[in-house]
Amino acid sequence: MLKIYNTLSKQKEIFHPIDPDRIGMYVCGMTVYDYCHMGHARVLVMFDVITRHLRRNFPAVTYVRNITDIDDKIIARAIENKEDIYSLTNRFIDAMHEDERALGILPPDIEPRATDAMDQMFYMIKSLVEKGIAYQAKNGDVYYSVRKFPNYGKLSGKNLDDLEAGARVDVDSDKEDPLDFVLWKMAKPSEPSWKSPWGDGRPGWHIECSAMSTHHLGNHFDIHGGGMDLSFPHHENEIAQSEGANGCAFVNTWMHVGFVNINDEKMSKSLNNFFTIRGVLESYDGETLRYFIMSSHYRSPLNFSDNNLNNAKDSLTRLYTAIRGLHASEAALEEVSQRFDFETKFNEALDDDFNTPIALSVLFELVKLINSTRDKDIDQANALAQLLVKLGGYIGLLQMDADAFLKQGVSLSDDEIDEKIKQRHEAKINKDFATSDQIRDELTELGIVLEDSANGTSWRRK
RNA sequence: GGCCGGAUAGCAAAUCGGUUAUGCAGUGGAUUGCAAAUCCAUCUAGACCAGUUCGAUUCUGGUUCCGGCCUCCA
C-alpha cells in the first residue's frame, strides 16, 4: 500500500489513483540555458526512483517531464552568446540527457518542449480570458487575475492579503493587482516571438506547465512534482490556471523534493554556490552521486560535501564487494526471494513515501547475510547476491559488473597491475615480505588496494 | 513582517511511545606472514525547559538556534 506525502494536505496519504490502469505524473523539468547542477540532479534522480517504483506497482505509468526552452534567461543568454535560442537550448538539452545517463536515469515517457506547445497555451489562455479570469492589460500583456480564483494559496498555505502586505513593489505594472501574473508577454522588437490572438509575444512560465501537463495527462491527473522552490508561486499558479480554465480538480498529489545545500544553505545560482553535475562527475562516478542523493529522504535537506560523497562511495563499495564474483540462476534467485523477506521490507520502505534510506539499509542487511553465508553455503550466497542485484535494480543501483565498478578510475592498466601482483606473489613465496609489502605499498600509493584470498589476489580502487 | 520546515551519537541518516536502524569512523577479538576484505563483540544519541504517561528521542506547550518560501530558481 503506497503512501505519499501530499504538499496539498501536508500529510502522508494512501495513494488512490484516478485510474489504477493508467497513472499520470508530471514533473517540472529544466529551463535549459545552462548545465544542470546538483539540485537538478536530486529532482531528476528522485523522480526516476519514484517512477521505477510506480511502474512495479501499477500496470501503466505515464511520466511527463517538460523542458522550458523559452524564457527571459534563455533570451538573455542567447543574446550574450550571439547565438540562436534553439542552438543554445538544444545544446543544453543534449548536455542534460548526457548527465541523466551518467546518473542512471531512465528517460521520461514524454518530454514536451514549451515551444512546441503554443497552441495548447493559446487554448488555455483563451479560455481564461473568456471566463473573465484573465485580461489583456494596456501594455498588451495578458495577466491572470488572482482575485478571481477563490482557492488561490491552497497549496502554499498563503493567503492573498498576506502576500499583498509583503509584496515587493512592482512599479512599471499595468496589472490590476500586483499579485496578478503574466500569461502572455508582448515581445520587444528584437526578441523571439510567436503570433498569438493577443499579439506577437511569448508565454509566461506558469502557463507552459499547465498546458503541457493537461495536454498529455488530461485535465485531472495523479501526481505533479518538482523542487520545493516551485511550490510557490509556480505550482500555485498552475493550479489557478488549470482549475480556472478547466473547471475541475487539477492534481491529486503534489510532491516536492527538498533542496541540496552547501554548508546548510540552499544551492542556487544566485548564491553562486552551485556545483554542476558534470563538474562533480569529474571526481565521482554517476552511481555514487545517485547513491548520495538516495541516502537521505527526498523531502529532507541534502548537504553536499566531499565527506558525504565519500561516504556514499564507501557504502556503494561495500555493496559491490558483496556481489563480486557471485552469480546465480533464476531458479536459485526465485528460491531465496521466497525464503527471505528482504524484498518485502525493501518494498515497504519505498511504499512509505519513497523512504530510500530505509530501503538502502535493507540492502546492507542483505550484504551482511551474503558475507556470512559465503563460507558456509556458496550456492545460497550466490543466490542472495543475485537478490541484492535485483533489489538494487529497483532503484537503479548495482547494475554494473562488480569488477568494473570496483576497478574504475585507476591509472595503471590491468596488465600492469597483474604483473605487480605476480611479482608480489613470487616475493611472498620466497618469504621476501619486505619486497612484497613494498609492491603493495606502491600500489596503495596509486589508489589500488590488494585483497588476498584463498583463490589468489584481487584488486580494487581505493 | 506573513507562512513553512528542521534540531538524533565523531560524520551521515531513518524508524519508533517501552525491544540492534543502517553506512563510514573508533575499540576488542577471529582471520592474515603483515595488511585489505569479511565475520563476531563493543563504545559514542536524540538542542533546552516544562507537561501528558507506568514509561518519551518519539505526543503537547514553551525557549533557543538553523534553514526555506513570500522575486527568477529544482
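All values reported here derive from a predicted model rather than from experimental measurement. Throughout, protein chains are lettered first and strands after them, A, B, ... in sequence-line order, and every chain is numbered starting at 1.
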Using the ring of each side chain (for Trp, its six-membered ring), is [X] parallel, tilted or perpendicular to [Y], with breaks at 30° and 60°?
X      : Y      : result
A/H37  : A/F274 : tilted
A/H235 : A/H256 : tilted
A/F346 : A/Y394 : tilted

Under 4.0 Å, heavy atoms only, any strand: does [X] hit a base, just the sugar-phosphate, or nothing?
X      : answer
A/G153 : nothing
A/V449 : sugar-phosphate
A/V260 : base
A/S361 : base
A/S300 : sugar-phosphate
A/M267 : base
A/N307 : sugar-phosphate
A/L450 : base
A/D264 : sugar-phosphate

Would you verify whether the NZ or CZ of A/K158 falls within 45 degrees of the ring axis of A/F232 while also being under 6.0 Å from that six-membered ring's centre?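 Pair A/K158/A/F232 counts as cation-pi.
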Distance under 6.0 Å and angle within 45° of the ring axis: does A/K12 meet both against A/Y5?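 Judged by the rule (NZ or CZ under 6.0 Å from the ring centre, within 45° of its axis), A/K12 is not positioned above A/Y5.
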Can you run through RNA chain B from 5' to 3' and write each base as (, ), [, ], | or . depending on how it pairs? Watson-Crick or G-U wobble, both distances under 3.5 Å. (((((((..(((.....[...))).(((((.......)))))....(((((..]....))))))))))))....
Can you identify which nucleotide, out of [options], has its nearest atom closest to the [X] side chain?
X      : options             : result
A/F364 : B/U22, B/G33, B/G2  : B/U22
A/P233 : B/C3, B/C11, B/C70  : B/C70
A/H40  : B/A74, B/U15, B/G33 : B/A74
A/R424 : B/C3, B/C39, B/G33  : B/G33
A/R318 : B/G33, B/C39, B/A74 : B/C39
A/N355 : B/A74, B/C24, B/U15 : B/U15
A/E451 : B/G33, B/A37, B/A21 : B/A37
A/K266 : B/G68, B/C70, B/G23 : B/G68
A/T321 : B/C69, B/A12, B/A37 : B/A37
A/D452 : B/G33, B/C24, B/A35 : B/A35

Could you give the distance separating [M] and [N] at their [atom1] atoms, to the nearest angstrom?
N     : M     : atom1 : value
B/U22 : B/A14 : C1'   : 8 Å
B/G67 : B/G62 : P     : 22 Å
B/G46 : B/C59 : C1'   : 15 Å
B/A12 : B/G17 : C1'   : 26 Å
B/G5  : B/A41 : P     : 41 Å
B/G23 : B/U71 : C1'   : 40 Å
B/C43 : B/G10 : P     : 14 Å
B/G55 : B/G18 : C1'   : 6 Å

Heavy-atom donor-acceptor pair, [X] side-chain to [N] base, under 3.5 Å:
X      : N     : result
A/K158 : B/C70 : no
A/H37  : B/A74 : yes
A/R440 : B/A35 : yes
A/K368 : B/C39 : no
A/N159 : B/G2  : no

Any chance you could lay out the salt bridge (Lys or Arg N to Asp or Glu O under 4.0 Å) test for A/E176 and A/R147, step after step, and finish with the verdict? CA-CA 10 Å; A/E176 288 174 3; A/R147 296 271 171 190; over 6 Å; no
A/N159-A/Y152 side chain donor-acceptor pair, cut-off 3.5 Å: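 The criterion, which ignores hydrogens and geometry beyond distance, is not satisfied for A/Y152 and A/N159.
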Ring-on-base stacking B/G33 with A/F433 (under 5.5 Å, under 30°):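 Per 5.5 Å and 30° rule: yes, stacked.
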About how many Å separate OG1 of A/T317 and NZ of A/K462, when rounded to the nearest 0.5 Å?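 Those atoms lie 10.0 Å apart.
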Can a side chain N or O of A/R460 be found less than 4.0 Å away from OP1 or OP2 on B/A37?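 For B/A37, OP1/OP2 do have a side-chain N/O of A/R460 under 4.0 Å.
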Output all residues satisfying salt bridge (Lys or Arg N to Asp or Glu O under 4.0 Å) with A/K154, sequence neighbours left out; order by chain, then residue number.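 Listed in chain order: A/E243.
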Pairwise side-chain contact, A/N66 with A/C28, heavy-atom cut-off 4.5 Å (strictly under):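 In short, these two side chains touch, coming nearer than 4.5 Å.
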